[in-house]
There are 2 protein chains.
Amino acid sequence: MSEKTPDVAPAVLRNNASLFAALGDATRLDLLMHMTTGEPRSITRLSRHSALSRQAITKHLRVLEDAGLVRSKSRGREKLFGLEPGALDETRHALDMISKQWDESLARLKAWVEDPG
Amino acid sequence: MSEKTPDVAPAVLRNNASLFAALGDATRLDLLMHMTTGEPRSITRLSRHSALSRQAITKHLRVLEDAGLVRSKSRGREKLFGLEPGALDETRHALDMISKQWDESLARLKAWVEDPG
DNA sequence: TTAATATGCAACCATAGGGTTGCATATTAA
DNA sequence: TTAATATGCAACCCTATGGTTGCATATTAA
């Protein structure tokens, strides 16, 4: 740490690892997108969009729920999944922060960046 | 697809899966944060911050590079890694998009959201 | 009551992911 | 030329992850 820049954007980002990991799967992103429209859906219904088994979808939904991206509610024999409000806010904020640091850092290193090879 | 809402925010997000996956690891987030300060660093230097072996760090750096988050340049016997400008922009944009959809969707379902359990 | 539907649970499988160590090779410093 | 430094490559290991199938159980519809 001998830089002139103080260590902003510290451990913050690190805490988002599991959230990013949850987003790091195409099937789960598909599920999220389907949920981005209309009312909460049952597991069976969400499974219809996919070629995967219901169990596979169930597991993915659990990952999303653990990551706090999704919330579930049991209604009768079915379990409805919907989006968790504000779940992405924190992550977006973290990304904005690091992105800002990024730009500042790069501005200082313009010369190297422009002649990388 | 019998909803009244058209399927916006389509495959876009899906394409970011590998990028999110790359961000979904604490070690890699640490590396990124270290790179967010100062000039490009060699593998050995980046390894010093961690308890992991140089090889482990090398692998992580490769993942970051494949995801387009980082760029490397060989200088003499060492390989320097630095941030890839604008790498996060696309992702941030995708997140903003889905987040917007999210909010709209949730607004429509306020009743359910307010009484989840 | 009976049949159909929606899940949950558990056992299993194969592969990808994260780490390590040892050895070879290219640069740079003495 | 020799020694030290920075990487690359490859073989292994163990565990997590993503999927499957079969069976049990709770609800709802006939």
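A, B, ... follow the sequence lines: proteins, then strands. Residue 1 opens every chain. For the numbers below, each heavy atom of this structure counts, side chains included, while hydrogens, waters and symmetry mates do not.
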Connected via hydrophobic side-chain network under 4.5 Å: A/Val63 and A/Met33: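 No, separate clusters.
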Rounded off to whole Å, could you give me the [atom1]-to-[atom2] distance for the [X] and [N] pair?
| X | N | atom1 | atom2 | answer |
| --- | --- | --- | --- | --- |
| A/Arg45 | C/dT7 | CZ | C1' | 17 Å |
| B/Asp66 | C/dA16 | CG | C1' | 14 Å |
| A/Glu78 | C/dG8 | CD | P | 11 Å |
| B/Ile43 | C/dA26 | CD1 | P | 16 Å |
| B/Phe81 | D/dT7 | CZ | C1' | 10 Å |
| B/Leu64 | C/dG18 | CG | P | 10 Å |
| B/Arg62 | C/dG19 | CZ | C1' | 17 Å |
| A/Arg48 | C/dA6 | CZ | P | 7 Å |

Is there a donor-acceptor pair closer than 3.5 Å between any side-chain N or O of [X] and the backbone N or O of [Y]?
| X | Y | value |
| --- | --- | --- |
| A/Trp102 | B/Glu84 | yes |
| B/Arg41 | B/Glu39 | yes |
| B/His93 | B/Asp89 | no |

Closest contact, heavy atoms only, [X] versus [Y]:
| X | Y | answer |
| --- | --- | --- |
| A/Phe81 | A/Ser72 | CE2-CB, 3.5 Å |
| B/Leu64 | B/Ala22 | CD2-O, 4.2 Å |
| B/Leu80 | B/Pro40 | CB-CB, 4.0 Å |

Might you work through the salt bridge (charged side-chain N to carboxylate O under 4.0 Å, His left out) test for B/Arg62 and B/Glu65, ending with a clear yes or no? CA-CA 5 Å; B/Arg62 185 190 166 89; B/Glu65 190 167 23; over 6 Å; no
Give each protein N/O atom lying under 3.5 Å from an N/O atom of nucleotides 28-30 of chain C, with the pair distance.
| unit_1 | atom_1 | unit_2 | atom_2 | d |
| --- | --- | --- | --- | --- |
| C/dT28 | O4' | B/Arg77 | NH1 | 3.4 |

Hey, could you give me the CD/CD1 distance between A/Gln55 and A/Ile43, rounded to the nearest 0.5 Å?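 Here the interatomic distance stands at 8.5 Å.
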Is there a side-chain contact between A/Ser74 and the phosphate of C/dT7, meaning an N or O under 4.0 Å from OP1 or OP2? no
Is the distance from OP1 or OP2 of C/dT7 to the nearest side-chain N or O of A/Thr44 less than 4.0 Å?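 So the side chain of A/Thr44 is within the cut-off, an N or O lying under 4.0 Å from OP1 or OP2 of C/dT7.
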B/S/- along nucleotides 9-25 of chain D (protein heavy atoms under 4.0 Å) is B--------SBBBB---
According to a 3.5 Å limit on both distances, what stems of 3 or more consecutive Watson-Crick or G-U pairs are formed with DNA chain C?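 In DNA chain C, stems of three or more pairs: C:1-30 with D:1-30.
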Which of B/Leu52, B/Ile57, B/Leu31 passes side-chain contact (heavy atoms from CB on, under 4.5 Å) with B/Ser47? It is B/Ile57
Determine whether B/Asn16 and A/Leu23 make a side-chain contact, defined as any pair of heavy atoms from C-beta on separated by less than 4.5 Å. no
